[in-house]
Amino acid sequence: MVARVSTVAFQGIEGVLVDVQVMVAPGKIGMQIVGLPDKAVAESRERVQAALHASGLALPPKRVTVNLAPADLPKEGSHFDLPIALGLMAALGAIPGDVLSDYVVIGELNLDGTIAPIAGALPAAIGANALGKGLICPADSGPEAAWAGAEIDILAPRSLIALANHFRGTQVLSRPEPAVRALSANLPDLADIRGQESAKRALEVAAAGGHNLLMVGPPGSGKSMLASRLPSILPALCAPELLEVSMIHSIAGQLSGGKLSDRRPFRTPHHSATMAALVGGGLRAKPGEASLAHKGVLFLDELPEFAPQVLDALRQPLETGECVIARANHRVTYPADFQLIAAMNPCRCGLAGEPGHSCARGPRCLTEYQARISGPLMDRIDIRIDVPAVAATDLIRPMAAEPSADVARRVRRARDRQRERFETAGIPGVATNARCSTAMIEALAEPDPSGLQLLRDAAEKFRFSARGYHRVLKVARTLADLDGADRLGRIHVAEAISYRIPSERLSAAA
Ligand SMILES: Nc1ncnc2c1ncn2[C@@H]1O[C@H](COP(=O)(O)OP(=O)(O)OP(=O)(O)O)[C@@H](O)[C@H]1O
Ligand SMILES: [Mg+2]
């Protein structure tokens with residue numbers, strides 16, 4: 001007799017249905033797993049046998065064959081242990097086989113028969129729900145899976161014995177509750193930053209429209225400090241975004257205790273990061289930092305210190321909002337709709353452009369350092385600002401600075417305006433001006449005549465790329481949204497242009 005249990009194999013953040021077929025038949029004693037298992041799946045043979053033994057179920061002296069169908073889909077990860085074990089228990093008559101047909105099963109087994117947490121419980125639960133099935137998952141993954149919907153039937157046992165007892169009716173498992181991660185309310189606050197008013201304004205604009213931002217300045221001017229205040233002014237994730245973001249974190253195994261939070265991700269990879277770490281890849285094509293920053297912020301501090309190829313790998317996700325990892329026999333796509341915030345010194349010694357400073361290495365110090373960032377990557381950055389050293393007067397007798405809560409309120413209002421506009425225009429799935437398509441932004445952000453004239457002059461003088469032109473429009477649209485204005489005025493266009501032009505070209509033009 002063949003017992004069948006459903007489970008999933010992950011492709012990106014989607015769970016593809018896998019049919020686990022277990023047959024116990026006379027023949028050479030042993031257990032064999034077929035169906036393109038990777039090393040972790042093949043090793044589940046040992047874990048399953050030990051866990052069943054520990055749960056008091058002796059395997060008969062027969063041949064056990066496990067097939068993971070479809071046979072040509074690679075199976076990766078340790079979550080196949082539990083479906084294989086349940087299939088075997090059903091084949092041996094230890095649990096009724098028909099009840100299993102209502103569930104998708106995932107979980108890793110310990111040798112003592114307890115069930116260990118696995119990555120990907122949330123996407124598995126969402127996949128199971130779409131198929132009209134329930135989910136059997138480890139107890140520790142239950143709170144995460146419960147987010148998939150109130151109507152889905154979830155069993156989250158601690159051990160094989162607890163699950164067998166549930167099916168026998170002697171010990172009923174209760175449905176896990178969705179858990180929320182309590183994050184400390186004390187995020188670093190913008191009020192700590194002295195001076196730097198124009199940098200704070202740029203940070204607010206970037207937060208309001210989801211624009212990419214580059215801060216250039218000497219050491220100790222507060223660039224890292226400014227970036228770390230961004231989470232305190234960003235609005236919370238809405239419900240669909242929360243699920244999407246959590247699915248990626250779930251696949252990456254980064255949901256601690258299966259708890260979700262509505263705070264936007266803020267990822268700060270070190271500049272030694274490899275391409276696989278940043279855009280995804282590695283042994284099991286895991287999501288990279290760019291995907292973990294989905295709907296949030298990817299902060300690259302000391303930008304030129306990253307390897308140039310690694311930085312250029314971000315060009316495609318910055319444009320399309322997703323990372324595609326191509327393998328010889330399949331490709332995996334992870335969403336990566338992030339906002340890039342970067343900080344750098346202007347040159348290696350860090351002081352180029354400071355009044356009274358002359359570098360021993362001459363202008364090469366500046367040009368060589370800045371050349372580490374490619375033109376196309378720079379073209380994708382909408383807002384580039386100088387963050388000069390803090391003035392002594394600001395440090396010694398600072399004026400009262402605005403707290404993050406006030407700025408966050410303005411940002412939320414500007415984002416609400418954007419969302420309403422995209423909804424009335426009938427564009428689904430776009431939340432910020434930065435993500436709006438070029439065709440739509442031309443229709444939605446039309447400057448008044450004097451603004452248009454200014455834009456035309458600037459585009460000619462500074463030779464904006466087509467992308468640059470559209471990005472200026474997007475930033476200007478955000479500036480108007482912050483002002484509560486329906487039409488783009490000259491003042492919005494002018495400010496947007498000033499963010500686009502690197503300061504040295506500005507001074508050369510003056
Ligand atoms: N505007 C500021 N207001 C208050 N403190 C500041 C400001 N700028 C810098 N500091 C102080 O200087 C320290 C260093 O700032 P920060 O790390 O942000 O500099 P940075 O611009 O990132 O420098 P680097 O280029 O070396 O990375 C901060 O921890 C803070 O104590
Ligand atoms: Mg820094």
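In each ligand, atom 1 is the first atom listed, and ligand 1 is the first ligand listed. Note that the structure is predicted; figures quoted are calculated from it, not measured. Note that these values count all heavy atoms, side chains included, but never hydrogens, waters or copies made by symmetry.
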Short N-O contact, [X] and [Y], less than 4.0 angstrom:
{"X": "R477", "Y": "E442", "result": "no"}
{"X": "R415", "Y": "D481", "result": "no"}
{"X": "R380", "Y": "E319", "result": "yes"}
{"X": "K474", "Y": "D382", "result": "no"}
{"X": "D379", "Y": "R500", "result": "yes"}

**Prompt:** Among R194, K223, K200, whose heavy atom sits nearest atom 24 (P) of ligand 1?
**Reply:** K223
**Request:** Counting heavy atoms only, name the option from S224, A389, A343 that's nearest to atom 22 (O) of ligand 1.
**Result:** S224
Proximal ligand 1 atoms for [X], defined as those under 4.0 Å from one of its heavy atoms:
{"X": "P219", "result": "23 (O), 24 (P), 25 (O), 26 (O)"}
{"X": "V390", "result": "1 (N), 2 (C), 7 (C), 8 (N)"}
{"X": "N345", "result": "25 (O)"}
{"X": "I193", "result": "1 (N), 3 (N)"}

Protein heavy atom under 4.0 angstrom of [atom], is there one?
{"atom": "atom 13 (C) of ligand 1", "answer": "no"}
{"atom": "atom 20 (P) of ligand 1", "answer": "yes"}
{"atom": "atom 31 (O) of ligand 1", "answer": "no"}

**side chain to side chain contact (heavy atoms under 4.5 Å, CB included) partner of N212, chosen from L318, L298, I341, I383** = L318
**Message:** Please identify which of these residues, R410, E197, K200, meets the side chain to side chain contact (heavy atoms under 4.5 Å, CB included) condition with E402.
**Reply:** R410
Would [X] count as being in polar contact with ligand 1, using the rule that some N or O on each side must be under 3.5 angstrom apart?
{"X": "D301", "value": "no"}
{"X": "G222", "value": "yes"}
{"X": "Q196", "value": "no"}

Among all the protein's non-hydrogen atoms, which is closest to [atom], and how far away is it?
{"atom": "atom 9 (C) of ligand 1", "answer": "G220 O, 3.1 Å"}
{"atom": "atom 27 (O) of ligand 1", "answer": "E302 OE2, 2.9 Å"}
{"atom": "atom 6 (C) of ligand 1", "answer": "M225 SD, 3.5 Å"}

**Request:** Answer with yes or no whether D192 contacts ligand 1, where contact means a heavy atom under 4.0 Å from a ligand atom.
**Result:** yes
**Request:** Check if M215 has a non-hydrogen atom at a distance under 4.0 Å from any atom of ligand 1.
**Result:** no
**Asked** More than 12 heavy atoms of other residues, nucleotides or ligands under 6.0 Å from CZ of R331: is that the case?
**Response** no
**Prompt:** Is there an N/O/S atom in M225 at a distance below 2.8 Å from the Mg ion (ligand 2)?
**Reply:** no
**Asked** Can you check whether L482's main-chain N or O pairs, donor with acceptor, with R417's side chain at less than 3.5 Å?
**Response** no
**Item:** Parallel, tilted or perpendicular: ring planes of F306 versus H271, cut at 30 and 60 degrees
**Value:** perpendicular
**Request:** Please tell me if the side chains of E204 and L190 come closer than 4.5 Å, counting only heavy atoms from C-beta onward.
**Result:** no
